[in-house]
There are 2 protein chains.
Amino acid sequence: MASRATRRSDCAIAGTLDLVGDRWSLLIVRDLLVTESLRYGDLLASHESIPTNTLADRLRKLEDAGILTKERYQDRPPRFAYRLTERGYALAPTLDALATWGTTHLPGTRRLIG
Amino acid sequence: MASRATRRSDCAIAGTLDLVGDRWSLLIVRDLLVTESLRYGDLLASHESIPTNTLADRLRKLEDAGILTKERYQDRPPRFAYRLTERGYALAPTLDALATWGTTHLPGTRRLIG
DNA sequence: TACCGTCACTTGCACATTGCAAGTCACTGG
DNA sequence: CCAGTGACTTGCAATGTGCAAGTGACGGTA
């Protein structure tokens, strides 16, 4: 699981943001809340179009953080699916709060989860 | 207020993350939830030690986004205080959810708000 | 057997952002 | 006149991001 080596402070919010506080991580979590199990290509095709190297990097970090798991669901040819762990599902209230703020304060946005 | 020029998608979560989805913005909001009105130096002194140029940049962007306001509370010498707008206070549930996740899943972290 | 396509990434490289340190400028109090 | 405080700005090296192209395992078709 995560090396929690470099935490900025003992604040729970800061600690959480160290793991998911960037433009992409929570969108990956969002996609996996909507669709339980997704492959690399599915996540790439999500409509915000994350760069492929950034996606690979975020998946590694989220896996390290114990937020999602990568499972080989087929051997020949090797195929993988990503899904949230319990820790990952526990981020749902955060995503929900972000979605509520967005739909309330950003005209033209829609709630895709919940 | 904000130029909402470059939004990645119509997803409310993505839109919100475009405004506050980085390592520092929500910590500034956190500090202003805890202490209603803060000056530049107070925010700099917060224990995660944000770099001064990054702080200045984030304050500008959060002000542009209508999340906080800068008020000159004294003229000679000029002194400024930052405080959340209604939009800013509306982020409280998000911060609360992040704090809950952190205290639950990151040993050694504490809830500083709520 | 040769070739094409798919999946799941990796690599290269230009450009943008971050973090640290130092500098600036208005003003005040001694 | 001069040190000190508040609120930033500037310079610059290091790190991170985004786009495009490449790679390697495999399977399907001819």
Side-chain angles (χ1 to χ4, degrees), chain A residues 3 5-9 11 14 17-29 31-32 35 37-65 68-83, chain B residues 2-3 5-9 11 14-15 17-28 31-32 35-65 68-83:
Chain A
S3 68
T6 51
R7 193 168 296 158
R8 282 177 290 180
S9 75
C11 170
L17 290 175
D18 283 342
L19 299 179
V20 297
D22 69 280
R23 291 166 58 78
W24 295 111
S25 296
L26 287 176
L27 295 184
I28 295 172
V29 174
D31 286 349
L32 288 169
T35 312
S37 171
L38 290 170
R39 288 173 306 166
Y40 189 89
D42 299 328
L43 289 161
L44 250 195
S46 189
H47 56 304
E48 282 91 4
S49 57
I50 180 171
T52 174
N53 53 349
T54 302
L55 176 58
D57 179 76
R58 290 305 179 280
L59 289 173
R60 245 189 312 271
K61 285 181 176 158
L62 290 172
E63 200 186 352
D64 284 353
L68 53 80
T69 50
K70 175 182 182 177
E71 59 174 305
R72 175 188 283 243
Y73 67 89
Q74 172 186 302
D75 268 354
R76 302 180 56 80
R79 291 289 181 262
F80 305 93
Y82 295 91
R83 55 177 69 223
Chain B
S3 68
T6 52
R7 192 169 294 157
R8 283 176 291 180
S9 75
C11 170
L17 291 174
D18 282 342
L19 298 179
V20 297
D22 71 278
R23 290 167 60 78
W24 295 111
S25 296
L26 287 176
L27 295 185
I28 295 171
D31 286 349
L32 288 169
T35 313
E36 190 179 2
S37 170
L38 290 170
R39 288 173 306 165
Y40 189 90
D42 299 327
L43 290 161
L44 251 195
S46 190
H47 56 305
E48 282 92 3
S49 57
I50 182 171
T52 173
N53 53 348
T54 301
L55 175 58
D57 180 75
R58 288 306 178 280
L59 289 173
R60 244 189 313 271
K61 285 180 176 160
L62 290 172
E63 201 186 350
D64 283 353
L68 52 79
T69 50
K70 175 182 182 177
E71 60 174 305
R72 174 189 282 242
Y73 66 88
Q74 173 186 301
D75 269 354
R76 302 180 57 79
R79 290 291 181 261
F80 305 93
Y82 295 91
R83 56 178 67 224

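Order of the sequence lines fixes the chain letters, A, B, ..., with proteins taken first and strands second; residue numbering starts at 1 for each chain.
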Value for OG (Ser9(B)) from CG (Asp18(B)), rounded to nearest 0.5 Å, stands at 7.5 Å
Out of curiosity, Thr69(B) OG1 to Leu59(B) CG, how far, rounded to the nearest 0.5 Å?
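If we round to the nearest 0.5 Å, Thr69(B):OG1 and Leu59(B):CG are 11.0 Å apart.
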Quick test: give all pairs of protein nitrogen or oxygen and nucleotides 21-30 of chain C nitrogen or oxygen below 3.5 Å, distance rounded to 0.1 Å.
none

Roughly how many Å is it from [atom1] in [X] to [atom2] in [N], rounded to a whole number?
X	N	atom1	atom2	answer
Trp24(B)	dT18(C)	CH2	C1'	10 Å
Ile50(A)	dC9(C)	CD1	P	13 Å
Arg60(B)	dA7(D)	CZ	P	15 Å
Ile28(B)	dC8(D)	CD1	C1'	14 Å
Leu55(B)	dT18(C)	CG	C1'	14 Å
Leu44(B)	dG6(D)	CG	P	11 Å
Asp57(A)	dT10(C)	CG	P	10 Å
Asp22(B)	dT17(D)	CG	C1'	14 Å

Tell me whether the OP1 or OP2 atom of [N] has a side-chain N or O from [X] closer than 4.0 Å.
X	N	result
Arg39(B)	dC8(D)	no
Lys61(B)	dT17(C)	no
Tyr82(B)	dC8(D)	yes

Considering only heavy side-chain atoms of Pro51(B), the closest of dG19(C), dC9(C), dA7(D) is dG19(C)
Among dA8(C), dA7(D), dT17(D), the one nearest any side-chain atom of Thr54(A) is dT17(D)
side-chain hydrogen bond (donor to acceptor under 3.5 Å, both in side chains) involving Ser46(A) - partner list, sequence neighbours excluded:
Arg30(A), Asp31(A)
Residue list, side-chain contact (heavy atoms from CB on, under 4.5 Å) with [X], at least two apart or on another chain:
X	value
Arg72(A)	Asp75(A), Pro78(A), Phe80(A)
Arg79(B)	Tyr73(B), Gln74(B), Pro77(B)
Thr35(B)	Leu38(B)

By the 4.0 Å heavy-atom rule, please label Arg72(B) as base, sugar-phosphate, or nothing.
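Nothing: the residue Arg72(B), judged by heavy atoms under 4.0 Å, touches no strand.
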Contacts under 3.5 angstrom, residues 49-58 of chain A side chains, donor-acceptor by atom type, not counting sequence neighbours:
{"unit_1": "Thr52(A)", "atom_1": "OG1", "unit_2": "Tyr40(A)", "atom_2": "OH", "d": "2.7"}
{"unit_1": "Asp57(A)", "atom_1": "OD2", "unit_2": "Lys61(A)", "atom_2": "NZ", "d": "3.2"}
{"unit_1": "Arg58(A)", "atom_1": "NE", "unit_2": "Asp22(A)", "atom_2": "OD2", "d": "3.0"}

